[in-house]
Amino acid sequence: QVPLVESGGGLVQAGGSLRLSCAGSGRTFSRYTMAWFRQAPGKGRESVAAIDLSGLSTTYADSVKGRFTISRDNTKNTVNLQMNSLKPEDTAVYYCAAGTYYNGNLDYAYWGQGTQVTVSS
């Protein structure tokens, strides 16, 4: 079990910045690939960014490349998402997730409760 708790969401004007944080617990945090997903009203959940166990490899959705940065600190069991140049279309509930590879597929088995990000135009 990897309990995850997100924080840092809120209301911001377009062009502004927010920093989301996800706190995990337990001694196995560093064994998980960590990721941020988001779900906008009426839309499906989409992957935003992911970071590998070491923190050296990251991936981003095309829609956030160059604006968002994912990072992790395994000594503090945290993963962060720095969001700059926010756009109204970034409005969504953002979720932190922890995953491992199973049969070659990355399975995100643990999820936080989500934090709302609202970007006004």
Side-chain angles (χ1 to χ4, degrees):
Q1 292 276 336
V2 184
L4 302 170
V5 179
E6 303 99 334
S7 61
L11 174 64
V12 64
Q13 288 188 332
S17 298
L18 280 175
R19 183 177 177 86
L20 304 183
S21 293
C22 174
S25 61
R27 288 177 285 183
T28 62
F29 182 84
S30 61
R31 300 179 185 177
Y32 292 89
T33 295
M34 298 301 297
W36 287 94
F37 289 77
R38 67 186 180 186
Q39 186 165 18
K43 296 187 178 181
R45 187 177 295 181
E46 65 169 339
S47 175
V48 174
I51 189 166
D52 73 345
L53 278 64
S54 68
L56 297 178
S57 178
T58 58
T59 58
Y60 297 92
D62 288 344
S63 58
V64 307
K65 280 182 182 176
R67 300 189 298 122
F68 290 12
T69 302
I70 188 171
S71 61
R72 70 187 295 166
D73 185 339
N74 288 336
T75 65
K76 298 180 180 179
N77 287 356
T78 58
V79 59
N80 299 308
L81 185 68
Q82 178 66 44
M83 306 186 294
N84 299 328
S85 302
L86 283 161
K87 304 175 181 179
E89 50 263 43
D90 293 318
T91 295
V93 178
Y94 284 71
Y95 298 90
C96 174
T100 56
Y101 281 91
Y102 182 74
N103 287 341
N105 297 312
L106 183 54
D107 175 35
Y108 288 100
Y110 304 105
W111 295 82
Q113 81 288 352
T115 186
Q116 176 70 46
V117 171
T118 302
V119 184
S120 63
S121 57

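Please read all numbers here as calculations on a predicted model, not as lab measurements. We use all heavy atoms of the structure for the numbers below, so side chains are in, but hydrogens, waters and symmetry mates are not.
- Rounding to the nearest 0.5 angstrom, the gap separating the CG atom in Leu18 from the CG atom in Asn84 is 9.5 Å.
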**OP:** Might you work through the side-chain contact (heavy atoms from CB on, under 4.5 Å) test for Ser71 and Met34, ending with a clear yes or no?
**Re:** CA-CA 9 Å; Ser71 61; Met34 298 301 297; over 6 Å; no
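- No donor-acceptor pair closer than 3.5 Å links the side chain of Thr59 to the backbone N or O of Ala49.
- Residues Ser7 and Leu20 have side chains not in contact (no heavy-atom distance under 4.5 Å, counting atoms from C-beta outward).
- In this structure, Phe68 and Leu86 have side chains that are in contact, with non-hydrogen atoms separated by less than 4.5 Å.
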Original post:
Given the rule in the side-chain contact (heavy atoms from CB on, under 4.5 Å) test, do Glu46 and Arg38 qualify, once you have shown the distances and angles that lead to the verdict?
Top reply: CA-CA 5 Å; Glu46 65 169 339; Arg38 67 186 180 186; 2.6 Å; yes
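- Considering CZ of Arg72 and OG1 of Thr58, their distance stands at 12.0 Å, rounded to 0.5 Å.
- Annotation: cation-pi pair Arg45/Tyr95 present, NZ/CZ under 6.0 Å from the ring centroid and within 45° of its normal.
- Side-chain contact between Met83 and Tyr94: present, with at least one pair of heavy atoms (C-beta onward) separated by less than 4.5 Å.
- With rounding to the nearest 0.5 Å, the separation of CD in Glu89 from OG in Ser121 is 10.0 Å.
- How far OG of Ser47 is from CH2 of Trp36: 12.5 Å, rounded to the nearest 0.5 Å.
- Here the shortest heavy-atom pairing between Phe29 and Leu4 reads CE1-CD2, 4.5 Å.
- The CG atom of Asp90 sits 4.0 Å away from the CZ atom of Arg67 when rounded to the nearest 0.5 Å.
- Checked by atom type and distance alone, the side chain of Asn74 pairs as donor or acceptor with a backbone atom of Leu53 at under 3.5 Å.
- The minimum heavy-atom distance between Ala92 and Gln116, with the atom names listed, is O-NE2, 3.4 Å.
- For Asp73 (side chain) and Asn77 (main-chain N/O), no donor-acceptor pair under 3.5 Å exists by modelled atom type.
- Atom CG of residue Asn80 and atom CD1 of residue Ile70 lie 9.0 Å apart, to the nearest 0.5 angstrom.
- Shown here are the side-chain hydrogen bond (donor to acceptor under 3.5 Å, both in side chains) partners of Thr115, two or more places apart in sequence or in another chain: there are none.
- At a threshold of 4.5 Å between side-chain heavy atoms, the hydrophobic network of Ile, Leu, Val, Met, Phe, Trp and Tyr places Val119 and Val93 in two separate groups.
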Could you list the donor-acceptor pairs under 3.5 angstrom formed between side-chain atoms of residues 103-113 and any protein atom two or more places apart in sequence or on another chain?
| residue | atom | partner | partner atom | Å |
| --- | --- | --- | --- | --- |
| Trp111 | NE1 | Tyr108 | O | 3.0 |
| Gln113 | NE2 | Glu6 | O | 3.4 |
| Gln113 | NE2 | Glu6 | OE1 | 3.4 |

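- Counting only heavy atoms from C-beta outward, the side chains of Val117 and Thr91 never approach each other to under 4.5 Å.
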**OP:** Report the C-alpha distance between Thr100 and Thr33 in whole Å, list the side-chain angles of each, state the deciding distance to 0.1 Å, and finish with yes or no for side-chain contact (heavy atoms from CB on, under 4.5 Å).
**Re:** CA-CA 6 Å; Thr100 56; Thr33 295; over 6 Å; no
**OP:** Take Cys22 and Thr78 through the test side-chain contact (heavy atoms from CB on, under 4.5 Å) and record every step on the way to the result.
**Re:** CA-CA 5 Å; Cys22 174; Thr78 58; over 6 Å; no
